[in-house]
Amino acid sequence: MNEQRPVPAGVDPLVPSPARIYDYLLGGSYNFAADREVAERGLARVPELRDVILANRGFHGRAAHWLATRGIDQFLDIGSGLPTVGNTHDVVRAVRPGARVVYADIDPMVAACAADLLTEPATTRVVLGDLRDPDALLDSPDVRELIDLSQPVGLLMTAVLHFVADASDPWALVRRYLDALAPGSYLAMSHATYDNLPEQAVQVGRDEYQRATEQFYYRSRAEIERFFTGLELVPPHPGVPPSLAYMGEWGAESVALADSDGSRWGYCGVGRKP
Ligand SMILES: C[S@@+](CC[C@H](N)C(=O)[O-])C[C@H]1O[C@@H](n2cnc3c(N)ncnc32)[C@H](O)[C@@H]1O
């Protein structure tokens, strides 16, 4: 089906990519046979894989919505993925109609499909950019034009930092973004973890992304917590202290119902820059 879609410049349809694999698992059409093969193998090896993906995407939407309710009206969504149901700008504009969103992603497929997102270029932009080059990303004309760095920003980094190796020091990279943002800004992040997962399940991510454009790096709760150093973590739901949570639990109406095997594949959190 999707092979009828023209292959955008810079995209090799024979090399699977995280954005396209994820899109397929979410039921999207921005993917090629190589992506679908990886996703289908993953589904065969990890029955709860779709639940993992939906738990993460649910967190992304709930966190973006919550930030908008806190008055945040400009968002930088890094590792945004391909257009899908519940894009960040749709979610936040339901609360704050004028909210501005810049999406950034390393996959040229995302920028090429931007037309599907850019119905309102005055308030929505898509940047082709690598998280590992914060200066280039923060200095890009689209970020400069749409995001006022002197005002609080919602920095969304969901399910992206597990594609960044320790060798690139993802903690320093996140710090660099936060340093550029005004007090009152927030970081919302989700990240895959190997905590409490059987080794053979963890191996699936490592194996399946081996030949993809990006590889997969699980981290422990402590390593994921480190991304929030210097931030004030917010409670994941009413009545509990500030902390990380499993993906499905954050902002869930029913924490008990949200506690699923898939949810436990990743931690998430929201922290405010004081
Ligand atoms: C699993 S998807 C997550 C999409 C979305 N953030 C979400 O949580 O629903 C991961 C995305 O991160 C992007 N990505 C991976 N490494 C990146 C990097 N170094 N810089 C920017 N984007 C990256 C991929 O292209 C992909 O679109």
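In this chain, residues are counted from 1 in sequence order. Order of listing sets the numbers, starting from 1, for every ligand and every atom in it. When reading the values below, keep in mind they use all heavy atoms of this one structure, side chains included, and skip hydrogens, waters and symmetry mates.
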Among protein heavy atoms, which sits nearest to [atom], and what does the distance come to when rounded to 0.1 Å?
| atom | answer |
| --- | --- |
| atom 20 (N) of ligand 1 | Leu131 N, 2.8 Å |
| atom 8 (O) of ligand 1 | Thr158 OG1, 2.7 Å |
| atom 4 (C) of ligand 1 | Gly79 O, 3.3 Å |
| atom 24 (C) of ligand 1 | Asp105 OD1, 3.5 Å |
| atom 23 (C) of ligand 1 | Ile106 CG2, 3.4 Å |

Candidate list Val91, Val92, Leu146, test side chain to side chain contact (heavy atoms under 4.5 Å, CB included), partner Phe75, passing option | Val92
For residues Pro13 and Val7, report the shortest heavy-atom separation together with the two atoms involved.
-> CD-CG1, 3.7 Å
Of all the heavy-atom pairs spanning Asn196 and Tyr246, show the shortest one and how long it is.
-> ND2-OH, 2.9 Å
Under-4.0 Å salt bridge between [X] and [Y]:
| X | Y | answer |
| --- | --- | --- |
| Asp207 | Arg41 | no |
| Asp195 | Arg264 | no |
| Asp166 | Arg219 | yes |
| Arg62 | Glu249 | no |

Of all the atoms in ligand 1, which lie at a distance below 4.0 Å from a heavy atom belonging to [X]?
| X | result |
| --- | --- |
| Ala19 | 25 (O), 26 (C), 27 (O) |
| Asp107 | 25 (O) |
| Gly129 | 20 (N), 21 (C) |
| Arg57 | 5 (C), 7 (C), 9 (O) |

If you round to the nearest 0.5 Å, how far is NE2 of His162 from CG of Asn56?
-> 7.0 Å
So, Tyr267 versus His191, ring centres under 6.0 angstrom or not?
-> no
Does any N/O atom on Tyr22 come nearer than 3.5 Å to any N/O atom on ligand 1?
-> yes
Does ligand 1 have any atom sitting under 4.0 Å from a heavy atom of [X]?
| X | result |
| --- | --- |
| Asp130 | yes |
| Asn56 | yes |
| Ser17 | no |

Out of Gly266, Ser80, Ala159, who gets a non-hydrogen atom closest to atom 5 (C) of ligand 1?
-> Ser80
